[in-house]
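Nothing fancy with the numbering, it's 1 onward along the sequence.
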Amino acid sequence: MRILVLNLGSSSIKFQLFNIAKQEVLARGLVEQIGGECAQVQIYTQDGRVEMSKECLHISTYEEGLIHVENSLRNLGVLQSFGHVDGVGHRVVHGGDLFIQPTLIDNHVIEHIEKLAFLAPLHNPANLMGIKTIRKQAPQLPQVAVFDTAFHQSIPPHAFMYALPYHLYETYKLRRYGFHGTSHHFVAQEAAKFLNIPYEKFSAISLHLGNGASVCAIKNGQSMDTSMGLTPLEGLIMGTRSGDLDPALLGYIMQIHHKSLEEVNDILNKDSGLKGLCSKNDMRSVESLIEEGDEKAILAFDMYAYRIKKYIGSYLITLGHIDALIFTGGVGENCARLRKAVCTNLENFGISLNQEANVKPPRGVINLSQPQTAIQILRVPTNEEWAIATESAKIIQAL
């Protein structure tokens, strides 16, 4: 069975084509800067063939980007068309409280994803474009939505409720939903295997750190709390998102800058976080500025690490016991400087980083702890695409 997995985000398309039976990646790729002046494409096949744009491409929409991917896969001899796969699995960020597991996509599912678009403005509209484009290209092809919110449906009411008038929850379901659930679930399972602990008895704090970032408190294999909330804006400082702030700031910014609520929402989602503090939203660029002594970059990095440590401290108290502290995501997996900053002064909690192992850990799941520490520090590469592919395959096989 061949499953195409699509992850459409802010101005980008990430995809992988899997052979499920052989657990192989037949092709993978990335289309970046969609709608910008200089779109870039990178596609890699299993047998080493590569398409990498050397010049700026004009890809103005997600549909154009997907058509480019389809044509490239045909030219590379991987796939005649999207209609020749067995199904498509989509990462969908927000599923509200209606979808608590992977779901076969129909008109009702599309309608609900559309209704939730305002809660995940950087992702749900893009996710929908991927679904609708595949429907247009291959109408009979089964598609499955795997929701970032699903893993967090086990969070208890005292953790997911907001202290707002209760009727707002009853009428509008305003509550914490959390995101990155597919990633947190995947790395927790991998960590439990690595430590030889039955998953239903495994507890951890999972740090998914990328351009979007979140923390998840996991107890006995279930999500008990997470840093993102009703939308992906709450919680940690991120590439372009502010994370936690005083909600009164929204009205104040609207007043002093004469901005609409929509404009302020764009500022908090697209122009804040690392980008707002030092003009760079990529941690590699932030590190380069730090090496040059840039004070704003140093401040941005310190704030980023400090916010993570605050969440670790609060979750250590609420969970009572954890087996591991997990670093994952592009920043979590690759930024040794950040792992060091986050783990500094956590020794009293049984968390002690092996500085030498932290610098250049090899690939795969790696233990970065000092010997005989109570809590293991693990670097666990996430693989949301494989998790989405396997979940989608189960549903499609049952049709």
Side-chain angles (χ1 to χ4, degrees), residues 7-14 30-40 59-62 65 93-94 116-129 148 177 179-180 208-215 227-290 292 294-308 310-311 329-332 335 338:
N7 183 352
L8 278 67
S10 179
S11 304
S12 68
I13 297 171
K14 186 178 181 182
L30 179 66
V31 184
E32 296 183 285
Q33 302 301 320
I34 295 170
E37 295 181 359
C38 187
Q40 296 289 322
I59 300 175
S60 58
T61 67
Y62 290 104
V93 168
H94 213 309
L116 292 167
F118 78 100
L119 295 177
L122 299 184
H123 293 92
N124 267 37
N127 303 154
L128 279 168
M129 287 305 303
D148 262 16
Y177 288 100
F179 304 91
H180 295 137
H208 178 105
L209 307 175
N211 195 48
S214 66
V215 189
S227 57
M228 284 180 167
L230 175 74
T231 77
L233 183 60
E234 187 179 358
L236 301 179
I237 293 170
M238 305 173 222
T240 64
R241 298 188 189 112
S242 65
D244 292 339
L245 46 72
D246 183 342
L249 277 171
L250 278 74
Y252 191 64
I253 295 171
M254 290 171 67
Q255 181 180 2
I256 62 175
H257 279 294
H258 307 291
K259 299 285 188 183
S260 67
L261 180 58
E262 184 178 0
E263 288 173 322
V264 173
N265 195 44
D266 279 346
I267 291 171
L268 298 182
N269 275 288
K270 301 177 182 179
D271 295 314
S272 297
L274 295 176
K275 180 182 178 182
L277 291 165
C278 67
S279 78
K280 302 293 184 183
N281 69 296
D282 188 292
M283 185 58 77
R284 292 166 294 188
S285 300
V286 174
E287 283 197 281
S288 296
L289 289 177
I290 290 172
E292 297 170 5
D294 187 285
E295 292 184 2
K296 290 181 180 178
I298 294 169
L299 174 64
F301 181 88
D302 289 346
M303 290 172 64
Y304 188 97
Y306 178 71
R307 185 71 59 82
I308 295 169
K310 284 178 69 176
Y311 270 95
V331 177
C335 187
L338 181 68

Inset, instruction - Report yes if some heavy atom in the side chain of V286 is under 4.5 Å from a heavy atom in the side chain of D294; otherwise report no. - result: no
Legend entry - Exercise: do H180 and S214 side chains pair donor with acceptor under 3.5 Å: yes
Inset, instruction - Identify the heavy atoms of S227 and Y311 that sit nearest to each other, and give their distance. - result: CB-CE2, 3.5 Å
Legend entry - Ionic contact status for K280 with D282, cut-off 4.0 Å: no
Inset, instruction - For the residue pair L261 and M254, establish whether any side-chain heavy-atom pair is separated by less than 4.5 Å. - result: yes
Legend entry - With sequence neighbours excluded, residues passing salt bridge (charged side-chain N to carboxylate O under 4.0 Å, His left out) with E32: none
Inset, instruction - Apply salt bridge (charged side-chain N to carboxylate O under 4.0 Å, His left out) to D244 and list each qualifying residue two or more places apart in sequence or on a separate chain. - result: none
Legend entry - Qualifying side-chain hydrogen bond (donor to acceptor under 3.5 Å, both in side chains) pairs with a residue from residues 295-307, counting only residues at least two apart or across chains: none
Inset, instruction - Tell me, please, which residues at least two apart from A300 pass side-chain contact (heavy atoms from CB on, under 4.5 Å). - result: L274, L277, C278
Legend entry - Closest heavy-atom pair and its distance - T240, N269: OG1-O, 2.7 Å
Legend entry - Sequence-distant partners of S288, side chain to side chain donor-acceptor pair (under 3.5 Å), two or more places apart: none
Legend entry - salt bridge (charged side-chain N to carboxylate O under 4.0 Å, His left out) involving K270 - partner list, sequence neighbours excluded: D266
